[in-house]
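Only one structure is covered here, and it is reproduced in the block below.
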Amino acid sequence: MTDITSIALSVGFMAVLGSVLASILVLANKRLFVYEDPRIDDVEDLLPRANCGACGSPGCRPFAEGLIVGTFEPAQCTVNSKETNELIADYLGVDLGAQEKRVARLACAGGSHVAFIRASYAGMNSCRAAALVSGGGKGCSWGCLGMGDCADVCDFAAISMNKYGLPVVNEDLCTACNDCVEVCPKDLFELHSINEQLFVACKNLEKGEEAENECEVICTACERCAVDSPEGLIEISNNLAVIDYSKNDLASRVAIERCPTGAIVWFDKQGGYQVGKDAKKIIRKEMLPIG
């Protein structure tokens, strides 16, 4: 066989093989083709692309897909304005839906002026890092360490640190994305409906005088809130007041009035909170001594 014949056969074989493979690809494309609704792209363009997960989906693209098939409602996007969500609803011809606004709340009021720091921490400026070193040095083992990991991860600038080293949540900016909940090494952040106005701003599990020696605004399990509230609304569990939010319609300011430390609070609709009339007044403005 001459070289020319060999080359011709090789070229012919490659041409046939290429034709066969091309036919297989065409057939596979037809058989495996998955139709994607073009409205998904249009809806995604109306979403904030924050991919924060506050809506219940892992990102804006999956949320857009869910809107098309009816798994989600436009109002579930808490980052968008109401007007933009209405545009999405009109475009899809669906109801806007109702989404009760939720916000992050911090279960600690123990700033540096009312809570002792028993040991100085020197290291990476991170709550998670400090928590690995004997809990971070705060007298209350459950207290906020105040290094601002929560503020750092908040993509919506909804958390700032006050002069006492405590995070402050701006409820107007908060989207309940859950990032602060996940990053806090002390599990101090919780997501709540703004209609859940009664809140225990403490996670301490110590009881009585021992607890107050570490923080002036700590829950001491005195049970006054439970006694004053409708039965079942508040119970004391592991030396801490616990609110049953399934009974939220029974909640009122009555529960906070006799709390001696102000550990149980009442949030108003503007996002501020009040303590009861019997709570001790905190007048100290400076940081407590370390040790």
Single-linkage hydrophobic cluster, 4.5 Å side-chain cutoff, [X] and [Y] together:
X: L96; Y: V94; value: no
X: Y91; Y: I68; value: yes
X: L145; Y: M124; value: no
X: Y273; Y: V217; value: no
X: L106; Y: L191; value: yes

Are any side-chain N or O atoms of [X] and backbone N or O atoms of [Y], one a donor and one an acceptor, separated by less than 3.5 Å?
X: N238; Y: L240; value: no
X: N248; Y: N195; value: yes
X: D95; Y: G97; value: no
X: Q197; Y: F267; value: yes
X: R284; Y: H113; value: yes
X: Y245; Y: L198; value: yes
X: N239; Y: L205; value: yes
X: K101; Y: C174; value: yes
X: D149; Y: S126; value: no
X: E257; Y: K277; value: yes

Gap separating the [atom1] atom of [X] from the [atom2] atom of [Y], nearest 0.5 angstrom:
X: L188; Y: W142; atom1: CG; atom2: CH2; value: 11.5 Å
X: D228; Y: I256; atom1: CG; atom2: CD1; value: 11.0 Å
X: E216; Y: F116; atom1: CD; atom2: CZ; value: 7.0 Å
X: D172; Y: F156; atom1: CG; atom2: CZ; value: 14.5 Å
X: D41; Y: L46; atom1: CG; atom2: CG; value: 11.5 Å
X: S112; Y: K163; atom1: OG; atom2: NZ; value: 9.5 Å

Worked check of side-chain contact (heavy atoms from CB on, under 4.5 Å) between R61 and I40:
CA-CA 8 Å; R61 181 75 179 185; I40 295 174; 3.5 Å; yes
Cationic N near anionic O, under 4.0 Å, E214 to R118
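Judged by the 4.0 Å cut-off on N to carboxylate O distance, E214 and R118 do form a salt bridge.
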Indicate yes or no: does E196 engage R105 in a salt bridge with an N to O separation below 4.0 Å.
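Judged by the 4.0 Å cut-off on N to carboxylate O distance, E196 and R105 do not form a salt bridge.
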Do the side chains of [Y] and [X] get nearer than 4.5 Å, heavy atoms only?
X: E212; Y: T220; result: yes
X: D278; Y: P260; result: no
X: R102; Y: T78; result: no
X: S160; Y: N170; result: no
X: L67; Y: Q76; result: no
X: V79; Y: C52; result: yes

Could you go step by step and tell me if E44 and E65 meet the side-chain contact (heavy atoms from CB on, under 4.5 Å) rule?
CA-CA 9 Å; E44 187 181 16; E65 294 169 353; over 6 Å; no
Could you pull out the closest heavy-atom pair between [X] and [Y], with the gap in Å?
X: C144; Y: K138; value: O-NZ, 2.6 Å
X: I234; Y: S229; value: CD1-OG, 3.4 Å
X: I218; Y: C140; value: CD1-SG, 4.0 Å
X: F63; Y: S57; value: CB-OG, 3.3 Å
X: C225; Y: A255; value: CB-O, 3.3 Å
X: G143; Y: C108; value: CA-SG, 4.0 Å

Is it true that atom NZ of K280 has more than 12 heavy atoms of other residues, nucleotides or ligands lying nearer than 6.0 Å?
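For K280, atom NZ is crowded (more than 12 foreign heavy atoms under 6.0 Å).
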Please step through side-chain contact (heavy atoms from CB on, under 4.5 Å) for the pair Q274 and D268, ending with a clear verdict.
CA-CA 8 Å; Q274 298 95 35; D268 62 29; 3.1 Å; yes
In terms of ring plane angle, is the pair H192 and F199 parallel, tilted or perpendicular, where the classes change at 30° and 60°?
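It falls in the perpendicular class, over 60°.
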Under the 4.5 Å side-chain heavy-atom rule for ILVMFWY, direct or indirect, which residues accompany V69?
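Listed partners: none, V69 stands alone.
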Mind listing the side-chain donor-acceptor pairs of residues 176-187 below 3.5 Å, one per line with the distance, residues two or more places apart or on another chain?
residue	atom	partner	partner atom	Å
N178	ND2	E182	OE2	3.4
K186	NZ	G135	O	3.0
K186	NZ	S141	O	2.9

Take V254 and R258, measure what side-chain contact (heavy atoms from CB on, under 4.5 Å) needs, and give me the verdict at the end.
CA-CA 8 Å; V254 170; R258 291 203 303 138; over 6 Å; no
Here's a test for you: under side chain to side chain contact (heavy atoms under 4.5 Å, CB included), which of T175, L87, N85 qualifies with N80?
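The single option meeting the side chain to side chain contact (heavy atoms under 4.5 Å, CB included) with N80 is N85.
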